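None of the values given here were measured: they were computed from a predicted structure.
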Amino acid sequence: MPVPRTGRQINLERLHQAIRTATAADLQRAAMFLEGARQVRAGSKIQRSKSRTAQANAWKKDVDDSLSW
């Protein structure tokens with residue numbers, strides 16, 4: 001029984017098939033798209049991180065720091 005393929009393996013095989021029949025312009029557009037997608041993903045990651053930090057520290061704005069126990 002063959003080992004099941006992962007989603008990544010299936011997608012890479014599809015990409016290799018598309019590369020065989022692609023023109024240079026197709027490859028250039030695909031590369032530019034992938035670079036842009038990577039930048040969007042990185043920006044989203046930074047934005048989510050900042051949002052989590054802000055939410056974790058939001059309680060501090062309702063606390064009177066002048067009081068100490």
Side-chain angles (χ1 to χ4, degrees):
M1 183 170 174
V3 177
R5 296 180 300 167
T6 65
R8 182 178 175 89
Q9 289 171 327
I10 294 169
N11 285 326
L12 282 174
E13 289 173 7
R14 289 179 60 200
L15 184 60
H16 284 295
Q17 179 61 33
I19 287 172
R20 287 185 200 119
T21 59
T23 64
D26 294 337
L27 296 175
Q28 180 184 7
R29 284 190 295 271
M32 290 172 61
F33 172 80
L34 291 173
E35 289 169 359
R38 191 175 305 115
Q39 290 173 353
V40 167
R41 204 168 47 247
S44 296
K45 183 178 178 182
I46 292 168
Q47 185 178 7
R48 285 192 307 272
S49 176
K50 287 180 182 178
S51 177
R52 280 190 219 106
T53 303
Q55 185 176 6
N57 295 323
W59 64 272
K60 292 181 181 178
K61 68 181 178 186
D62 295 328
V63 175
D64 186 3
D65 288 338
S66 64
L67 296 175
S68 60
W69 297 96

Query raised in the report: When Ile, Leu, Val, Met, Phe, Trp and Tyr are grouped by side-chain heavy atoms lying under 4.5 Å apart, directly or through other members, which residues fall in the same group as F33?
Result: L34
Query raised in the report: Under the salt bridge (Lys or Arg N to Asp or Glu O under 4.0 Å) rule, what pairs show up with a residue in residues 25-35, not counting sequence neighbours?
Result: D26-R29
Query raised in the report: Are L27 and L15 linked, directly or through other ILVMFWY residues, by side chains that come within less than 4.5 angstrom of each other?
Result: yes
Let me have the donor-acceptor pairs involving side chains of residues 38-56, under 3.5 Å, with sequence neighbours excluded, atom names and distances please.
unit_1, atom_1, unit_2, atom_2, d
S44, OG, V40, O, 3.0
T53, OG1, S49, O, 3.0

Query - Sequence neighbours excluded, every pair satisfying salt bridge (Lys or Arg N to Asp or Glu O under 4.0 Å) that has a member inside residues 5-22 - result: R5-E13
